[in-house]
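These figures come from a predicted structure and were not determined experimentally. Chain letters run A, B, ... following the sequence lines, proteins first, then strands; residues in each count from 1.
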Amino acid sequence: MDILAKLNPAQREAVEQVHGPVLILAGPGSGKTRVITHRVAYLIKICGISPRHIMAVTFTNKAAREMKNRLFGGSEKDHTTPLLTWSMRDQITLGTFHAICARILRRDGRAIGVNPDFVIYDAEDQLKLVKRAIQNVNLDPKQYAPPLVRSRISAAKSQLLTPKDYIEQSISYLDKVVSWAYERYQQLLTENNALDFDDLLMKVVELFRSHPEILAEYHERYRHIMVDEFQDTNLTQYELVRQLSGKYRNICVVGDPDQSIYSWRFADTRNILNFEKDYLDTKVVLLEQNYRSTKRILETASSIISANGEHNPRKLWTDNKPGELTTIVETYNEQEEAQFVISELSHLVEQNKAHLSDCAVMYRTNAQSRALEEIFIRKGTPYKLVAGTRFYERREVKDIIAYLRIIQNPSDSISLLRIINVPPRAIGKRSISKLSDWAESRKISLYEALRFIALSNGNQSESPKLPFNHRTTVLLAGFFDLLAEIITKSAEFNMTKLFNLVAKSLGYKEYILKETDGEERWDNILELGSVASKYDDLKPREGLTAFLEGVALVSDLDGLDDSIGAVTLITLHQAKGLEFPVVFIVGMEEGILPHFRSFDIPEQIKEERRLCYVGITRAKERVYLVHAFRRRLIGLSTANSPSRFLEDIPRHLISGTEVQWGEVRQPIGKTYPLASDSTSVTIIPELSPGNRVRHNQFGEGLVISCQSVTDDNEVLVAFRRVGLKKLLLSFARLEKVE
DNA sequence: GCCGTGTTATTTTTT
DNA sequence: ATAACACGGC
C-alpha cells in the first residue's frame with residue numbers, strides 16, 4: 001500500500017475514490033499533481049485497471065510529459081523510482097484536450113467527413129482564412145476586423161455553436177456579419193482539409209453526437225477519466241468530458257476557481273458548478289494543506305484573493321515556517337526595475353540563499369520582457385525566456401512547415417500560397433491572384449489547378465482556355481512538378497531525408513542566407529530539422545503526420561529547460577502550474593496588473609486579481625512585488641500608480657524598510673549595487689521628464705524621458721522647432737529652464 | 001516585378 | 001516607438 005503512504009487524509013481520499021464522479025478542489029501547492037499521478041498508479045496497481053483504460057487530460061504538453069515522467073520514469077537511466085513500469089508508458093492516454101482530440105479525429109473523423117490527412121491551422125493561418133471568408137461574403141475586412149471576427153468564431157466554437165446556431169441567435173448586425181463569415185470560414189477550412197484549434201474539440205463532440213456507436217467504443221476504451229485544471233475548460237471541453245464519461249461515470253476533475261485565468265479564451269468556471277449539478281452523486285474533496293509556500297507567502301496571496309469577495313469555503317493553510325516578509329519595491333522606471341531584480345538576485349546568490357535557476361521574474365505582458373532582457377544582457381545575468389519570438393511562429397520555420405504540410409495535404413491552399421514564390425520563382429502577385437480566381441471559379445484547389453496547368457502545358461489543344469501567358473504557364477507548371485516530385489519522394493523518405501529535401505535542395509537555404517539575419521534563420525531551420533529527426537523511426541507518412549501534429553500543438557512552455565543555471569522570465573499565465581523558490585512580479589501597477597483593458601469590467605478585474613494570486617502562489621520562499629514610478633508604454637513614458645492589489649496586503653506582511661511605496665519619491669541619485677561587478681552604478685537624472693530645457697542650436701524643448709546608458713544618460717527632448725531629438729547628457733550641454 | 005516611402009495600427013494573456 | 005502594410009514610382 002505504499003502508494004497511499006505519503007499522502008495526507010484528503011489526498012488519500014481523492015486517490016481511493018476511483019468509482020463515480022469526483023471533484024477535487026485543490027488550492028495552489030496542495031499536491032494536486034501528486035494526487036493525480038498517485039490516483040493513476042492506484043488504479044493500475046491496486047485496482048488492476050489496464051493503463052489502456054485510463055485517460056488523463058492536462059492543460060499543457062509539458063504537464064503531460066512531467067506527469068508521464070513521474071509515473072513511468074523520465075528515461076531508462078532515471079534514478080528516481082517511478083510509480084509504474086516503463087512499458088506502460090505508451091498504453092495510457094495522457095495529453096492535452098487538443099492532442100487527444102486530434103488523435104481521435106485521425107482515427108475516426110471519417111465518419112463525419114474529416115479526412116485523416118487534415119492539417120491544423122494556427123492563429124496566423126486562421127486569420128488569413130477569416131479574411132478570405134469576409135471577402136467571400138462580399139464584405140470589407142477593413143470594416144470588420146478579421147481578428148475580431150476570428151475571436152467571435154472561436155467563442156462560438158467554444159460553446160458548441162455551429163454557424164446555423166449562430167445565425168439563429170444573432171441579434172445585432174455585427175453578429176449577422178460574423179455568422180456569414182463563420183459559415184464561409186468553415187467551408188474554406190473544409191476545402192483546405194484543415195481544422196483550427198477549436199475544431200479539434202468541437203468535431204469530436206459532433207462525432208460522438210452523430211455516431212453513438214463510435215462513442216460506445218470510446219466508452220469501453222476509456223473507463224477512467226481525469227481532467228486537470230478544470231476551471232480553465234470551456235463548454236465544448238465540458239461536453240466532451242460528459243460524453244466520454246457517459247457510461248461508466250468514472251470521472252475525476254481537478255481544479256481551483258481561484259486560479260481561473262483563461263476566461264478570455266472562453267474558459268468558463270461555471271463548469272465546476274455544473275459538474276456538481278450534472279453528477280448529483282459527486283464526491284467533493286478539498287485539498288487545503290499547502291506544501292509549497294511559507295506562511296507569509298500564503299497569507300500575502302490569500303489577502304489578495306480574498307479581496308475578490310467571493311464566498312469561499314476553502315481555507316488554505318500550511319505547516320511550513322513563517323519565512324520572509326514580502327518585499328514591495330518602487331523603482332524609477334522599467335530599467336531600474338530590471339536593475340533592482342538583478343541586484344537582488346546577486347545578493348541572494350552571493351549569500352547562498354538561492355541559485356539563479358531557483359528564481360523567476362513574472363510579468364503581465366510579453367512586451368515587458370524586453371526591458372528586462374536588455375538589462376540582463378548588459379549585466380551579463382543569464383536568463384531563459386519562455387517563448388522569445390516564438391519558434392514555431394518564425395517566418396522561416398513556417399515556410400518549411402508549409403512545404404511539409406502540402407506533402408501531407410495538397411489541398412492546403414494557405415500553405416501553398418505561402419511558398420508558391422518562396423524562394424522567388426518569378427511567380428508574382430498578378431499571376432497568383434489570377435491563379436486563385438481561376439481555381440475558385442472552377443471550384444478546385446490551387447494544387448489541382450496547378451496540376452491542370454502542368455498537364456495542359458505543351459498540348460495547346462486543351463480546352464478551357466487558360467488565362468496565363470506562356471511564360472507564366474511554364475513557371476506554374478514548373479512549380480507543380482516540384483511539389484509533385486517531393487510528394488512522390490515523401491512516400492519512401494524518412495523525416496530527416498524529407499526535411500533535407502525540402503530545406504536544402506529547393507534553393508531555400510541560399511535564399512534565406514541572403515535575408516537579414518540569414519545565418520540565424522538558417523540555424524532555426526536546422527533546429528527544426530533536429531526536431532524532425534526524432535520522428536525518423538516511424539514509417540514515412542506516419543512520421544510526417546506525427547511531426548506536423550507535434551509542431552501544431554506545441555506550447556511555448558515545452559521548451560523550458562529547468563536544468564540550466566539561469567533566471568526564468570515568464571508571463572503570469574505561463575507560470576501557472578510551476579513553482580520557484582524565489583518569485584519577482586514586476587510591473588505591479590495600475591494599467592499593467594490589473595491591465596487597463598480590464599478596467600471597465602468588474603469580472604475582468606477579478607481575473608487580474610486571480611492572475612496576481614497565481615503568481616504569488618508560485619513562490620516557495622521569497623516574493624518581491626515591484627512597481628515602477630514611470631514606464632515607457634507604446635512610445636511615451638507614463639506615470640503609473642501602484643497596483644490596487646498591493647493595498648490589499650496587510651502591513652505586517654510587508655518589508656518596507658528599504659524603499660516604501662505609496663510615498664512620492666524623488667527619483668534622483670539612487671544607488672544600486674550591480675551583479676556583474678561589485679561596484680555600484682548611480683543613476684542621476686539631472687533632468688527629469690517634464691523639465692524645460694534650452695539647447696544653443698535646437699532652441700527650447702521639453703524633456704520626454706531620461707534613461708541611463710553605459711557611462712551616460714540619454715535624454716529624449718521634444719524641441720519646439722526641430723522636433724524629437726535623442727541626446728547624450730554629457731555632450732549636449734543642455735540648459736535647464738525654470 | 002521590385003523597391004522605397006508613408007501610413008497605420010499596435011499591445012493582454014495562448015492550446 | 002516600432003513594425004507591418006499599403007500604395008505609388010522606378
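Both A/F596 and A/Q126 lie near DNA chain B, and the one whose nearest nucleotide falls closer to the 5' end is A/F596. Of the two residues contacting DNA chain B, namely A/I427 and A/H573, the nearest-nucleotide position lying further toward the 5' end is that of A/I427.
Under 3.5 Å, the side chains of A/S263 and A/E607 contain a donor-acceptor pair of N or O atoms. For the residue pair A/D199/A/Y121, the side-chain donor-acceptor check at 3.5 Å is not satisfied. Residues A/T233 and A/N271 have side chains that bring a donor and an acceptor to within less than 3.5 angstrom of each other.
Going from atom CG of A/L195 over to atom P of B/dT15 covers 19 Å, rounded to whole Å. Taking atom CD on A/Q231 and atom P on B/dT13, their separation rounds to 20 Å, with Å as the unit. Going from atom NZ of A/K434 over to atom P of B/dG1 covers 10 Å, rounded to whole Å. Atom CG in A/N366 sits about 19 Å away from atom P in C/dT2, given to the nearest Å. At whole-Å resolution of the value, CD in A/Q368 and P in B/dT10 are 20 Å apart. Atom-to-atom, CD1 of A/I100 to C1' of B/dT15 comes out at 13 Å; the value is rounded to the nearest Å. Atom NZ in A/K62 sits about 16 Å away from atom C1' in B/dT14, given to the nearest Å. Atom CG in A/D125 sits about 15 Å away from atom C1' in B/dT15, given to the nearest Å.
Listed by residue number, A/Y262, A/W264, A/R265 are the residues of residues 255-268 of chain A with a heavy-atom contact under 4.0 Å to DNA chain B.
Considering only the side chain of A/R597, B/dT11 comes nearest among B/dT13, B/dT15, B/dT11. Distance from the side chain of A/T96 is smallest to B/dT15 among B/dT14, B/dT11, B/dT15.
Side-chain N or O atoms of A/S431 include none that pairs as donor or acceptor with a backbone N or O of A/I427 at under 3.5 Å.
Across all strands shown, A/K131 has heavy atoms under 4.0 Å from sugar-phosphate atoms exclusively, and none from any base. Nucleic acid contact class of A/F97 (heavy atoms, under 4.0 Å, all strands): none.
Residues A/Y511 and A/Y508 bring their aromatic ring centres within 6.0 Å. The aromatic ring centroids of A/Y262 and A/F59 lie less than 6.0 Å from each other.
A sub-4.0 Å separation between OP1 or OP2 of B/dT13 and a side-chain N or O of A/Q574 is absent.
Every residue two or more places apart in sequence or in another chain was checked for a side chain to side chain donor-acceptor pair (under 3.5 Å) with A/T473, and none qualifies.
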